[in-house]
Amino acid sequence: MTDTSQTPQADGFTPDPVTFAVIKSALDAIVDEMAGTVMRTARSPIVRDVLDYSATLCDSKGQILSQAKTVALHLGAVPDAMEVIVGKFGETAKEGDVYVLNDPYAGGMHLPDIFMVKPIFFEGRLQGFSVVVAHHCDVGGRVPGSNAADSTEIYQEGVRIPPMRLYDAGKPNETLLELLRTNVRLPALVLGDLDAQYATCRTGERELIRLIERYGESGLRSYFEALLDYGEVLTRKSIAAWPDGTYTFEDAIDGDGFTTEPIPIRCAITVAGDSLEIDFAGSSSQVRGAINATFSFTKSASYLAVRCALERDVPNNAGVYRAITVKAPDHSILKPDMPAPVAARALTGYRVVDTVLGALSEISPARLMAAGEGGNTVLSMGGYDKETGEPFVLVDMINGAWGGRADKDGVEAITNPAQNMSNLPIETLEKRYPLRMEEYSLRPDSCGAGRFRGGLGLTRTYRILVDDTMLQVRADRIATPPYGIAGGLPGSLSRNILNPDRENGDLPGKLTRIVDKDTVIRHEQAGGGGNGDPLDRSPDAIAFDIREEKITRDYAARFHGVCFAADGSIDEPETHENRAKMREARDMKKESVQ
């Protein structure tokens, strides 16, 4: 049963614990039903198969009550979007209204992510909002998919939608719909996905009204307030258990596509009693390429990272944010000025998560893992079918590896913890696009060594089957590997390779170029960092990884000090002796450096 005894109450209201738990669970069930509605009704693979969308319910003030198990990086940006929506439409909202926006400089994140918000009324009074964010396959601009890392201003990136009505008292805004239909490459998919978002908003509306009918308007509002207070109380309780102090960490992005100079992300986390401040002072100024992140997205990534370190029973609602302050320098990559490009900002969000988690690992190492693959790699390919003239746009997000955990190895071929997405199935890719997947595999030896190793990175190799295809790549961790923690070693670096069976040339991490038929693009993703001393790894675990072909014998010898008998098995006495020598040599090297 949920303990609400420490939840501060206003107006003399004391929540019944059973009713509180039922309402909390009901809200969680509603947002998960909303998430299922998107998946069942969406048209484009990026939403339906890759699952790049989010759903949440907000109260009448725009505060998050519950969020679905969808893309976590989206949801912490909802408060900023709702502040804009409520500020513009709060006084004029009416039944049947639906609002949309995607403008990064007016509540959005990047242009492909379209927010849809539906106010929910009961007997003529505003009760809350259904909110759905979906990554659309194309919103116009200079490149197919509207997601290039080498754009230099927001105007190149697609159609900017300021906060506006998509439906006015139930009547669709045909002017806006026609504008979108005319300016995007795949109008049937884009408008179809907007329909899916609308159906999902209606689902949230229907179910919230049922909840109001059951518990009453005023009573339910009191429970909503109690739920947000509960989120704040549990968050503060977790933070209060951490030692006061300031904890710093630095990570880097390889470059912005115009330069290969490392782009630093620095954070200082200050724990003071039951509150926490994250300050990104010293991080890079805004850059020329499109990896700048709106401040709303920076905050979202920061909230998410802190949430990973909190206790499991902390609810995912706006109460969590009350205990956390996020600061970033003006004119920086984390708080850019208009018209800075932001299409590929997700990469910076991933690095914010890695940096905050790196600092938090000093505070709560048992709950956190080493760095993962660095965030999904995005390969976008677009062009036209020469027979039909129809355009195609593929936005393939490669989800790879977790870092080693405090008591378990990292996981591979899985979504980054900052997301909740899926790798696009090969069958779907080859059916819908003029491409052939020639390899989809795990990369042996790509994991960072540790007592608990990192997950292996993925390899995906594409053969392009038509001429004049525009290729866009957004990859990272080519120069700066995923870090290990607690003595664990970094994961491998990633690579982009052009025509591996011919010129075998390395490509940069961020590029846009036209390629011809039979061009082969191979992406080798970074592996996750290790956790703990590699010389403490169990010989049984090493032997299992060798049998599974996840690591080679050479890797086991170099990083784990393993010695092998004549029959190929691990010689444990020799291994024990060799590890002792390796530790001694390592300690002597540390002393000489000091």
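All of these numbers come straight from a predicted model, not from anything done at the bench.
The side chain to side chain donor-acceptor pair (under 3.5 Å) test with Arg345 is passed by exactly one of Asp113, Asn147, Thr294: Asp113.
No hydrogens or angles considered: a donor-acceptor pair under 3.5 Å links the side chains of Arg474 and Asn376. In summary, the side chains of Asn416 and Glu373 do present a donor paired with an acceptor at a separation below 3.5 Å, with no hydrogens or angles considered.
In this structure, the side-chain contact (heavy atoms from CB on, under 4.5 Å) partners of Ala340, at least two apart in sequence or on a different chain, are Tyr105, Gln286, Asn292, Pro336. Taking Lys94 as the reference, Asp97, Arg165, Asp168, Ala169 meet the side-chain contact (heavy atoms from CB on, under 4.5 Å) condition, with sequence neighbours excluded. Scored by the side-chain contact (heavy atoms from CB on, under 4.5 Å) test, Ile414 finds Trp402, Val411 as partners (sequence neighbours excluded).
The backbone N or O of Pro187 sits nowhere less than 3.5 Å from a side-chain atom of Arg181 that would complete a donor-acceptor pair. A distance-only check finds a donor-acceptor pair linking the side chain of Thr298 to the backbone of Leu334 [under 3.5 Å]. Judged purely by atom type and a 3.5 angstrom limit, Ser283 uses its side chain to pair as donor or acceptor with the backbone of Arg266. Remark: side-chain polar atoms of Ser151 are not paired, donor with acceptor, to backbone N or O of Pro341 under 3.5 angstrom.
The ring of His110 has its center closer than 6.0 angstrom to the ring center of His135. In this structure, the ring of Tyr167 has its center no less than 6.0 angstrom from the ring center of Tyr99.
For the salt bridge (charged side-chain N to carboxylate O under 4.0 Å, His left out) condition, the pairs that include at least one residue of residues 48-66, sequence neighbours left out, are Lys61-Glu225. Among residues at least two apart or in separate chains, salt bridge (charged side-chain N to carboxylate O under 4.0 Å, His left out) pairs with a member in residues 122-134 are Glu123-Arg125, Arg125-Glu217. Note on residues 101-110: pairs passing salt bridge (charged side-chain N to carboxylate O under 4.0 Å, His left out), not counting sequence neighbours, are Asp103-Arg160.
Ring geometry for Tyr321 against Tyr303 counts as parallel: the plane angle stays under 30°, on a 0 to 90° scale with 60° as the upper cut.
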